[in-house]
**Student:** 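Okay, handing you the structure first.
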Amino acid sequence: MKLSQMLFVTLRENPAEAEIPSHKLLLRAGYIRRIGSGIYAYLPFMWRVLQKVSQIVREEMNATGAQECLLPQLQPSELWKESGRWDTYTKAEGIMFALEDRQGRQLGLGPTHEEVITTIAKEMIQSYRQLPIHLYQIQTKFRDEIRPRFGLMRGREFIMKDGYSFHTSEESLKKTYQDMDQAYRNILTRCGLKFRAVEADSGAIGGSGSQEFMVLADAGEDEVLYTEDGKYAANVEKAISIPKKAKSSPFNSYEKRETPKCETIDKLCNFLGCSPSNIVKNVLYEAIFDNGKTVLILVSIRGDQDVNEVKLQNELTKLAHNYQAKALLTLTVPDETAQKKWASKALPLGYIAPDLADDYIEKQKDIEPQFLRFVDHTAVDLKDFVTGANETNYHILGANWGKECNLPKLMVDLRKAKAGDISAHDPNQKLKTARGIEVGHIFQLGTKYSEAMGATYTNEQGEEKPFVMGCYGIGVSRLAQSAVEQSYDKDGIIFPVAIAPYHAIVVVPNISDTEQMAVAEKLYNELNSQGIETLFDDRDERAGVKFKDSELIGIPFRITTGRSLKDGKVEVFKRATKESQDININEVVSIIKNWVETAIKS
RNA sequence: CGGGAUGUAGCGCAGCUUGGUAGCGCACUGCGUUUGGGACGCAGGUGUCGCAGGUUCGAAUCCUGUCAUCCCGACCA
């Protein structure tokens, strides 16, 4: 492609809308253009990158025996009502774009395709003889993200590969799950990315086992905890660890003491001269379930620990049926305005105890009249602890469970693991932390959707059984941007050869020099005919502009037909290392071909 | 949704406090010089000042409302 004929516009300044390096660079280099919040146009360079990533994904998926198809984006609400996800996905903090057609039918724009695929399986797969089967598609997804961010990283419209597998047994599912684990590792390796596979929470999609693939980058939205022996890595949401031991309490007799202006753990420790691990901290949460019921929650945890809200959500989801609900809609720490809606009197904030009286909750329809009380394991073991007195400016010291304070019945793990904790698998290993971008996620769904939607097959014994399912996603557009986030320098993008929009670029410093042009044209044609995807910068620009542009857009190899022509050579420059060398004109094509092939193979 | 900010030329911004001619840099067009690291000179084009209402002789500027975008939290590939 000749640059003079391309839509090629680069920006010298950073657009104000961009925050992280990859977003700035993709905008500046003319790969993407923002059309609306979280909505981007993929310009010609970007589209080539996305097609290359898609092709790698496709090859690795096909190699496992999965079959490609294309499912509808416009999905009838009935399917989602059958699976029970219509309300959670469209109401409150839901992420599905929902619309109504002229006949008044309700439709959603597909944020994911479990419902559609399960319907197909239900209709087309009748016998165990047809199983296992794995279908996937590469397609645009729509999600009404609460806050779109970072360009393609969190868009409202994005490209994703999603695959769904159907099995007769857990063993068969596990086999495909393992195949996907390997396929995903292959994909990310071929794309030239540094990544880590981590244990994950399966979240709203549900199911048992789940693993995320994280591209490591400081701008990542997720925190990964891992051990250096390589035996453990997990998303912080899921991570487990052994907390440090609590310090022994300096308060060996019970007393209620005045503690003015000690509404935070820090201030209280300073005032009393004790360790945060001597304190039982009580955190108030407000949960809203899908039937409109509001439940107030009190979590008691050791003062030096934090609550893992994902773990709390999972506990609440388990208890939803106690409130005649199916799903949890929101979980928040109620602010002042939220408290006013249900509090019968001012709460002793900062001085709450695990046994805060239920009469703080005003009797109202749709509000559970009692606190749901959880205690984390770290708080259960404490002796002679400090906690609130349920009275502003007073704490109790030297308290013990069963004596001055009742131990909540629900004892669960709600602790957030953190860097520095001792690993659960080996006491000699400590957890370390890294930031990552989640580009892939694989789930063992089990029978959640097939049961809900009555999708069954007949087994060898002639019995009707629900399908055992798995689902596997890769954010194609997110992956492409994460490659930039992981690989750039002050001059621009450094694309891995396998997913760069072009392999090489031929630069003519001076287009009015006929020899420079002739050699460049010849090399450009030869390279392309040898399968090296090559750009030709034949624009009427100064050499400096062309060099800067080629580095900004991140083409791996650059050939300049300039001053070395007098020796029968051209200058060849490697973007990643910035090394340059002069190579004979008649050798350059085969040398570059070799470089490209070597880079793509590894 | 809660907290913070911003809307002025294609992009980045100034002007607003103290109301009166809409400005700078980059980009763009033409001519000339320059020609291997985002050149220089001269000339030129470019705006519903986010939108609506109000105050005023007069509003980018003051007031009210509204919409959009971005940043910090919950959501996710």
Side-chain angles (χ1 to χ4, degrees), chain A residues 9-20 23 27-28 30 33-34 36-39 57 88-89 92-96 111-112 138-141 143-150 152-163 184 200-205 212-215 221-222 235 237 285-286 288 309-310 313 328-338 437-443 471-482 491-492 507-513 516 540-552 558 560-565 571 573 580:
Chain A
V9 180
T10 56
L11 273 39
R12 202 184 300 199
E13 283 167 297
N14 277 319
E17 73 193 60
E19 196 69 12
I20 61 171
H23 188 195
L27 285 165
R28 275 188 60 204
R33 197 93 188 166
R34 198 182 68 87
S37 179
I39 306 172
V57 169
T88 44
Y89 268 67
E93 312 244 310
I95 54 164
M96 182 152 64
T112 174
I138 296 173
Q139 206 211 43
T140 297
K141 293 276 189 274
R143 290 189 187 170
D144 189 3
E145 291 288 343
I146 306 162
R147 185 147 89 89
R149 249 192 287 208
F150 305 145
L152 307 184
M153 289 294 193
R154 183 184 293 280
R156 296 199 295 169
E157 190 185 311
F158 60 97
I159 300 175
M160 176 169 155
K161 185 287 295 182
D162 51 327
Y184 277 34
D201 184 81
S202 46
I205 294 169
E212 287 171 339
F213 293 82
M214 297 284 193
V215 168
E221 289 186 271
D222 289 283
N235 190 312
E237 293 174 347
Y285 285 95
E286 180 180 321
I288 301 174
E309 293 188 7
V310 173
Q313 277 176 22
L328 176 69
L329 287 187
T330 64
L331 175 68
T332 51
V333 175
D335 57 14
E336 232 172 285
T337 28
I437 301 162
E438 183 191 349
V439 298
H441 202 156
I442 59 178
F443 300 85
C471 84
Y472 319 94
I474 281 195
V476 171
S477 42
R478 181 182 277 184
L479 187 156
Q481 185 172 337
S482 73
D491 294 310
V507 168
V508 185
N510 180 0
I511 59 165
S512 53
D513 181 318
Q516 286 188 10
D540 184 11
E541 285 287 353
R542 296 164 61 87
V545 173
K546 298 187 180 190
F547 293 147
K548 288 285 184 194
D549 275 340
S550 79
E551 283 156 40
L552 176 61
R558 181 176 70 208
T560 307
T561 59
R563 52 195 171 206
S564 53
L565 283 184
E571 184 199 75
F573 173 89
S580 77

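Any value given below was found using the heavy atoms of this structure, including those in side chains, with hydrogens, waters and symmetry copies removed. First the proteins, then the strands, lettered A, B, ... as listed; each starts at 1. Keep in mind it's a predicted model, so treat the numbers as computed, not measured.
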**Student:** Starting at atom CD1 of A/Ile20, determine the distance to atom P of B/C70, rounded to an integer number of angstrom.
**Tutor:**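 Rounded to whole Å, this separation is 14 Å.
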
**Student:** Looking only at side-chain atoms of A/Ser37, point me to the closest of B/C70, B/A74, B/A77.
**Tutor:**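 In terms of side-chain proximity for A/Ser37, the closest of B/C70, B/A74, B/A77 is B/C70.
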
**Student:** With rounding to the nearest 0.5 Å, note down the distance linking CE in A/Met153 to CG in A/Leu479.
**Tutor:**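 A/Met153 CE to A/Leu479 CG: 9.5 Å, rounded to 0.5 Å.
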
**Student:** Can you identify which nucleotide, out of B/C75, B/C72, B/C11, has its nearest atom closest to the A/Arg154 side chain?
**Tutor:**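 Among B/C75, B/C72, B/C11, the one nearest the side chain of A/Arg154 is B/C75.
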
**Student:** Out of B/U69, B/U34, B/C75, which has the shortest distance to the side chain of A/Arg34?
**Tutor:**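 Closest nucleotide among those given: B/U69.
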
**Student:** By nearest heavy atom, map A/Asp222 and A/Ala543 onto RNA chain B; which one lands nearer the 5' end?
**Tutor:**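 Looking at the nearest nucleotide for each, A/Ala543 comes out on the 5' side.
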
**Student:** Is the side chain of A/Lys161 donor-acceptor paired with the backbone N or O of A/Tyr472 at a distance under 3.5 Å, no angle test?
**Tutor:**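 Flag set: sc A/Lys161 to bb A/Tyr472 pair under 3.5 Å.
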
**Student:** For A/Glu438, does its backbone N or O pair with a side-chain atom of A/Glu212 as donor and acceptor, under 3.5 Å?
**Tutor:**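 Checked: no pair found.
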
**Student:** Would you say A/Thr560 and A/Phe573 make side-chain contact, with heavy atoms under 4.5 Å?
**Tutor:**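 A side-chain contact is absent here, since even the closest heavy-atom pair is not under 4.5 Å.
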
**Student:** Measure CD1/A/Ile437 against P/B/A77 and give the value in whole Å, please.
**Tutor:**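 Rounded to whole Å, this separation is 15 Å.
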
**Student:** Compare the minimum distances between each of B/G38, B/A77, B/U69 and the side chain of A/Arg28, then state the nucleotide with the smallest one.
**Tutor:**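 Closest nucleotide to the A/Arg28 side chain: B/G38.
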
**Student:** Name the closest nucleotide to the A/Arg542 side chain, picking from B/C76, B/U34, B/A27.
**Tutor:**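 So the nucleotide nearest the side chain must be B/U34.
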
**Student:** What is the nucleic acid contact for A/Glu286, judged by heavy atoms within less than 4.0 Å: base, sugar-phosphate only, or nothing?
**Tutor:**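 No contact.
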
**Student:** Should B/G73 form a Watson-Crick or G-U wobble pair with both distances under 3.5 Å, which nucleotide is its partner?
**Tutor:**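 Because both required distances fall under 3.5 Å, B/G73 counts as paired with B/C1.
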
**Student:** Can A/Phe158 be called stacked on B/A77 when the rule is centres closer than 5.5 Å and an angle between planes below 30°?
**Tutor:**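 Yes, the aromatic ring of A/Phe158 stacks with the base.
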
**Student:** Determine the contact category for A/Glu571: base if any of its heavy atoms lies under 4.0 Å from a base atom, sugar-phosphate if only primed atoms, P, OP1 or OP2 are that close, otherwise nothing.
**Tutor:**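 The answer is base, as A/Glu571 lies within the cut-off (heavy atoms under 4.0 Å) of a base atom.
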
**Student:** Name the closest nucleotide to the A/Ile146 side chain, picking from B/C1, B/A77, B/C11.
**Tutor:**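 Among the listed nucleotides, the one closest to the side chain of A/Ile146 is B/C1.
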
**Student:** Any strand counts, and the cut-off is 3.5 Å on both contacts for Watson-Crick or G-U wobble. Which nucleotide pairs with B/A9?
**Tutor:**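 No nucleotide pairs with B/A9.
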
**Student:** If you pin A/Thr10 and A/Glu19 to their nearest nucleotides in RNA chain B, which one's is more 5'?
**Tutor:**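 Result: A/Thr10.
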
**Student:** Write down the distance separating the C1' atoms in B/U6 and B/C13, rounded off to the nearest Å.
**Tutor:**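 Roughly 12 Å separates the two C1' atoms.
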
